[in-house]
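Residue numbers count from 1 along this sequence.
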Amino acid sequence: NFNNGGYKQCEYLIKNGHKKIGFIGTSTVFKNKEKLLGITTALEQHRIPINTNWFFEPGEDLEETVNMIVNKKEKPTAIICQWDFTALKLIKLLYERGIRVPDDISVVSSGNTDMSALSIPGLTTLDLNINYSCEEAVSLLLKRICNPSKPYESITINSTLIERDSVKNLLQEDS
């Protein structure tokens, strides 16, 4: 459920004081369309203006995207990335330009890959519950094989937010 995932990521950032939230992802991919719906819904529900200038298509060269972020007059304080790999590459490219995560910008992602726990800083990410999802898909397929005339089913499996060190709590700064 990528809609729920995008909402969950954005709401987590909002609860940590972020209002300038961006996204890096290919908008033509269905899962990212759902994720964007979740992100924009969270922003709207918290009455935070949506700034599409902070929504980036990574294209072939993430470096070009990072240059666009760095050169913007008003920068996002947090970015949601489509996948852990994108986020880890983003963190590296920002670091090369003297921008520190999470001190200067916060980053969250999806996938909960092994790399996300090993990176510095540890990457806050969504665990997509892949093993459980696979078990449920096989179970659903077996039910269909045993009873081909049963109605089609759709299941939704939500992700779990794994909090690590890539998000700065801006509310603690104000205290």
Side-chain angles (χ1 to χ4, degrees), residues 1-16 18-62 65 76 78-91 101-102 106-119 121-167:
N1 186 351
F2 290 102
N3 182 341
N4 175 267
Y7 186 93
K8 195 176 290 183
Q9 289 170 310
C10 190
E11 188 171 60
Y12 175 75
L13 292 169
I14 292 167
K15 286 180 178 177
N16 279 281
H18 294 274
K19 294 182 180 173
K20 299 176 181 179
I21 299 170
F23 175 70
I24 295 178
T26 308
S27 63
T28 56
V29 176
F30 180 75
K31 69 171 182 62
N32 286 338
K33 287 181 181 184
E34 284 194 338
K35 184 172 276 209
L36 278 168
L37 178 61
I39 292 167
T40 55
T41 300
L43 290 169
E44 287 170 354
Q45 285 184 349
H46 289 274
R47 294 185 174 88
I48 296 171
I50 297 166
N51 188 337
T52 55
N53 290 324
W54 298 327
F55 292 16
F56 302 94
E57 294 276 338
E60 292 293 316
D61 187 13
L62 188 59
T65 301
I79 295 180
I80 299 169
C81 293
Q82 62 184 352
W83 289 118
D84 287 352
F85 181 77
T86 304
L88 295 170
K89 197 169 176 184
L90 172 67
I91 290 169
V101 172
S106 293
V107 176
V108 298
S109 185
S110 299
N112 195 28
T113 59
D114 291 341
M115 293 183 302
S116 65
L118 299 173
S119 69
L123 182 60
T124 298
T125 185
L126 288 176
D127 186 323
L128 303 176
N129 299 308
I130 297 296
N131 290 340
Y132 180 77
S133 298
C134 291
E135 289 170 12
E136 288 302 303
V138 169
S139 175
L140 203 56
L141 182 61
L142 292 173
K143 286 180 191 175
R144 166 74 49 208
I145 290 169
C146 291
N147 185 0
S149 62
K150 79 176 197 73
Y152 287 97
E153 293 178 58
S154 210
I155 58 172
T156 300
I157 299 170
N158 291 332
S159 53
T160 306
L161 186 70
I162 308 297
E163 296 179 47
R164 294 198 180 101
D165 303 319
S166 63
V167 173

Closest approach of [X] and [Y], non-hydrogen atoms and distance?
| X | Y | answer |
| --- | --- | --- |
| Gln82 | Phe23 | N-CE1, 4.3 Å |
| Ile48 | Lys19 | CG2-O, 3.2 Å |
| Arg164 | Ser116 | NH1-OG, 3.1 Å |
| Val101 | Ser166 | CG1-O, 3.7 Å |
| Asn158 | Thr156 | OD1-CG2, 3.8 Å |
| Ser106 | Leu13 | CB-CD2, 4.5 Å |

Flag the pair [X] / [Y] as yes when at least one side-chain heavy-atom distance between them is below 4.5 Å, and no otherwise.
| X | Y | result |
| --- | --- | --- |
| Glu11 | His46 | yes |
| Tyr152 | Arg144 | yes |
| Pro49 | Leu43 | no |
| Pro102 | Asp165 | no |
| Ser149 | Asn147 | yes |
| Thr40 | Phe55 | yes |
| Gln9 | Lys35 | yes |

Evaluation steps, side chain to side chain contact (heavy atoms under 4.5 Å, CB included), between Leu123 and Ile91: CA-CA 9 Å; Leu123 182 60; Ile91 290 169; 4.1 Å; yes

Does the pair Ile157 and Leu128 meet the rule for a side chain to side chain contact (heavy atoms under 4.5 Å, CB included), with working shown? CA-CA 8 Å; Ile157 299 170; Leu128 303 176; over 6 Å; no

Test item: side-chain donor near acceptor, Ser109 and Asp84, under 3.5 Å: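 Result is yes, a qualifying pair exists.
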
Looking only at side chains, do Lys31 and Ser110 share a donor and an acceptor under 3.5 Å apart?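 There is no such pair (donor and acceptor under 3.5 Å, judged by atom type) between the side chains of Lys31 and Ser110.
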
Please report the interatomic distance [atom1]([X]) to [atom2]([Y]), rounded to the nearest 0.5 Å.
| X | Y | atom1 | atom2 | value |
| --- | --- | --- | --- | --- |
| Cys81 | Leu88 | SG | CG | 8.5 Å |
| Asn129 | Asn112 | CG | CG | 9.0 Å |
| Ile21 | Ile50 | CD1 | CD1 | 10.5 Å |
| Leu90 | Phe56 | CG | CZ | 10.0 Å |
| Trp83 | Thr26 | CH2 | OG1 | 11.0 Å |

Name all residues meeting the side-chain hydrogen bond (donor to acceptor under 3.5 Å, both in side chains) criterion together with Glu135; count only those two or more places apart in sequence or in a different chain, and write none if there are none. none

Contacts of type side-chain hydrogen bond (donor to acceptor under 3.5 Å, both in side chains), residue Asn3, not counting sequence neighbours: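 Checked Asn3 against side-chain hydrogen bond (donor to acceptor under 3.5 Å, both in side chains); zero matches.
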
Lys8 side chain to Ser159 backbone, donor-acceptor under 3.5 Å: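 Yes.
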
Closer than 3.5 angstrom, by distance alone: can the side chain of Asn16 be matched with the main-chain N or O of Tyr12 as a donor-acceptor pair?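 Yes.
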
With side chain to side chain contact (heavy atoms under 4.5 Å, CB included) as the criterion, how do Leu161 and Val108 come out once you've worked through the C-alpha distance, each side chain's angles and the decisive distance to 0.1 Å? CA-CA 10 Å; Leu161 186 70; Val108 298; 5.7 Å; no

Let's go through Ser27 and Leu36 carefully: what are the C-alpha distance in whole Å and the side-chain angles of both, what is the deciding distance for side chain to side chain contact (heavy atoms under 4.5 Å, CB included) to 0.1 Å, and is it a yes or a no? CA-CA 8 Å; Ser27 63; Leu36 278 168; 4.2 Å; yes

